[in-house]
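Along the sequence shown, the residues carry numbers beginning at 1.
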Amino acid sequence: MTTARTLVSGPDWEVLDVVCTASAADRPFEEQHRSFCVAAVTGGTFRYRARQGTAMLAPGALLLGNPGTCYECGHEHAAGDRCLSFHFGSAYMERIVADVPGANKLAFETPRLPPLSALAPLLAEAEAARETADIDAFEELGLRIAGAAVAATSGGAHAGRAPSRRDQKRVAEAVRRIELNADRPVSLAELASGTATSPYHFLRSFRQVAGMTPYQFLLKTRLHRAAVRLCMSDEPISAIAFEAGFNDLSTFNRRFRRVMGQAPSAYRARRII
């Protein structure tokens, strides 16, 4: 009745695409969270019962689970659902909680967050990443979603303090590292390790200082360089895409069109000779 496909995983975290086909005729059975879980409901509705309470979840809501907690999901009113489920080990989540202003509890005390307008853009990004198989985006998305869930359930401040001069220096160094290595995979954990901060603290500081996430900056850098090459050379578009750091041509074409407003071939045709 339920299938869980691993989309991507890293040290102490993973992202699953969970599809349930259960209906009202199927009796709920007890399961147990093995780690912290923040699951975005992307389709269907269901009842979720855990130690924190019972709640009805609909698209846009976040299911919240604590490690070792038993839970049940039921479909009394409608069949099936689909969730984008983020899982975090205790040590990983502890670092996130430590970096969320105003948060001081590791365990979730509520079973869910209802659909919140403040979270809608972030959840749309996550669903789009699933549909386009943009697995490189999920490390950042997982941190952002976990941090948002912790802040929303603890009353933590959303804005937080302004980045310090040290944080600004760290971000500047990370920007240079991304620029130097934009043609190869650059992970969030690698960038954070280079600044001696936790991934969540680094991600938050980077967004405050640079106005975008490290992954967004990496894509922007790759697309800019590819656009310059398209204007300056007659190399095959596929060669330009691969050398810029994209793994396949269809991904490059889709992202180029979304950012530049037209396909790479059309963009090249506009150049002045």
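Neither side chain, T132 nor D134, offers a donor N or O lying under 3.5 Å from an acceptor on the other. For the residue pair D81/H75, the side-chain donor-acceptor check at 3.5 Å is satisfied.
Placement of V8 and V18 in two distinct hydrophobic clusters is found when ILVMFWY residues are connected by side-chain heavy-atom separations under 4.5 Å, directly or transitively. Put simply, L106 and L113 are part of the same group of oily side chains (I, L, V, M, F, W, Y) that touch within less than 4.5 Å, one to the next. Under the 4.5 Å side-chain contact rule for hydrophobic residues, I135 and L16 do not share a cluster. Following chains of ILVMFWY side-chain contacts shorter than 4.5 Å, one can reach M212 starting from F138, so the two form part of one hydrophobic cluster. At a threshold of 4.5 Å between side-chain heavy atoms, the hydrophobic network of Ile, Leu, Val, Met, Phe, Trp and Tyr places F217 and V209 in one connected group.
Counting all heavy atoms, side chain and backbone alike, L141 lies closest to A129 at CD1-CB, 3.8 Å. Between F246 and L223, the shortest heavy-atom contact is CZ-CD2, 3.7 Å. P101 and R204 make their closest contact through CD-NH1, 3.2 Å (heavy atoms, listed as atom of the first residue, atom of the second, distance). Residue P59 comes nearest to P115 through the heavy atom pair O-CG, 3.6 Å, listed as atom of the first residue, atom of the second, then distance. Smallest separation of non-hydrogen atoms from T69 and A50: CG2-CB, 4.2 Å. I96 and L143 get closest at one heavy-atom pair: CD1-CD2, 3.7 Å.
A 6.0 Å sphere centred on CZ of R207 holds no more than 12 heavy atoms belonging to other residues, nucleotides or ligands. Residue-environment remark: CZ (R254) exceeds the threshold of 12 foreign heavy atoms within 6.0 Å.
F36 meets the ring-ring contact (aromatic ring centres under 6.0 Å, His included) test with no other residue; sequence neighbours excluded. Not counting sequence neighbours, the partners of F88 by the ring-ring contact (aromatic ring centres under 6.0 Å, His included) test are Y92.
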query: Is there a side chain to side chain contact (heavy atoms under 4.5 Å, CB included) between C70 and R49 once you walk through the steps?
result: CA-CA 9 Å; C70 295; R49 184 178 66 84; over 6 Å; no
- request: Applying side chain to side chain contact (heavy atoms under 4.5 Å, CB included), run through T197 and R166 and close with a yes or a no.
  value: CA-CA 11 Å; T197 61; R166 177 178 291 182; over 6 Å; no
Full working for side chain to side chain contact (heavy atoms under 4.5 Å, CB included) between M232 and V228: CA-CA 6 Å; M232 294 179 61; V228 172; 3.4 Å; yes
message: The test is side chain to side chain contact (heavy atoms under 4.5 Å, CB included); show your working for F29 and R27 and say whether it passes.
response: CA-CA 6 Å; F29 59 92; R27 185 174 181 178; over 6 Å; no
- prompt: Between E179 and R176, does a salt bridge (charged side-chain N to carboxylate O under 4.0 Å, His left out) hold up when you go through it step by step?
  reply: CA-CA 5 Å; E179 289 180 317; R176 287 196 292 271; over 6 Å; no
- prompt: For E127 and T42, what are the C-alpha separation, side-chain angles and deciding distance, and is it a side-chain hydrogen bond (donor to acceptor under 3.5 Å, both in side chains)?
  reply: CA-CA 7 Å; E127 189 168 350; T42 62; 4.7 Å; no
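Distance check: M93 CE to H87 NE2 gives 11.0 Å after rounding to the nearest 0.5 Å. How far CZ of R130 is from CG of L84: 5.5 Å, rounded to the nearest 0.5 Å. To the nearest 0.5 Å, atoms CD (E235) and CD (E243) are separated by 5.5 Å. Here OG1 of T213 is found 12.5 Å from NZ of K220. Values are rounded to the nearest 0.5 Å. Going from atom CZ of F46 over to atom CE of M56 covers 9.5 Å, rounded to the nearest 0.5 Å. Atom OG of S164 and atom CZ of R170 lie 6.5 Å apart (nearest 0.5 Å).
Taking the side chain as every heavy atom from C-beta outward, D167 and H201 approach each other to under 4.5 Å. Taking the side chain as every heavy atom from C-beta outward, F252 and P264 approach each other to under 4.5 Å. Residues L57 and C83 fail the side-chain proximity criterion, which asks for heavy atoms closer than 4.5 Å. S85 has its side chain within reach of C37: a pair of non-hydrogen atoms, C-beta onward, lies under 4.5 Å apart. L188 is not listed as a side-chain neighbour of Y200, based on a closest heavy-atom distance of 4.5 Å or more. Within the 4.5 Å cutoff, side-chain heavy atoms of P67 are placed close to those of S90. Counting heavy atoms from C-beta outward, L62 and L123 have side chains that approach closer than 4.5 Å. F86 has its side chain out of reach of W13: every pair of non-hydrogen atoms, C-beta onward, lies at least 4.5 Å apart.
The pair R177-E173 fails the salt-bridge criterion, with no side-chain N (NZ, NE, NH1 or NH2) lying under 4.0 Å from an Asp/Glu carboxylate O. R225 has no carboxylate O lying under 4.0 Å from a charged side-chain N of D183, or vice versa, which leaves the two without a salt bridge.
Distance alone, capped at 3.5 Å, is enough to place a donor-acceptor pair between the S154 side chain and the V150 backbone. Without hydrogens or angle criteria, Q52 side chain to L64 main chain gives a donor-acceptor distance under 3.5 Å. Distance alone, capped at 3.5 Å, is enough to place a donor-acceptor pair between the N66 side chain and the F108 backbone. Side-chain N or O atoms of S193 include none that pairs as donor or acceptor with a backbone N or O of A189 at under 3.5 Å. In this structure, the side chain of N181 does not engage the main chain of R184 through any donor-acceptor pair within 3.5 Å. Remark: side-chain polar atoms of R112 are not paired, donor with acceptor, to backbone N or O of T54 under 3.5 angstrom. Here the side chain of E140 pairs a donor or acceptor atom with the backbone of Y215 at under 3.5 angstrom. A donor-acceptor pair under 3.5 Å links the side-chain atoms of Q32 to the main chain of G68, judged by distance alone. Checked by atom type and distance alone, the side chain of R222 pairs as donor or acceptor with a backbone atom of A182 at under 3.5 Å.
The side-chain hydrogen bond (donor to acceptor under 3.5 Å, both in side chains) with T251 is formed by just one residue from the set N253, D248, N247; it is D248.
Sorted by first and then second residue, the side-chain hydrogen bond (donor to acceptor under 3.5 Å, both in side chains) pairs with a member in residues 93-102 read D99-S198; sequence neighbours excluded.
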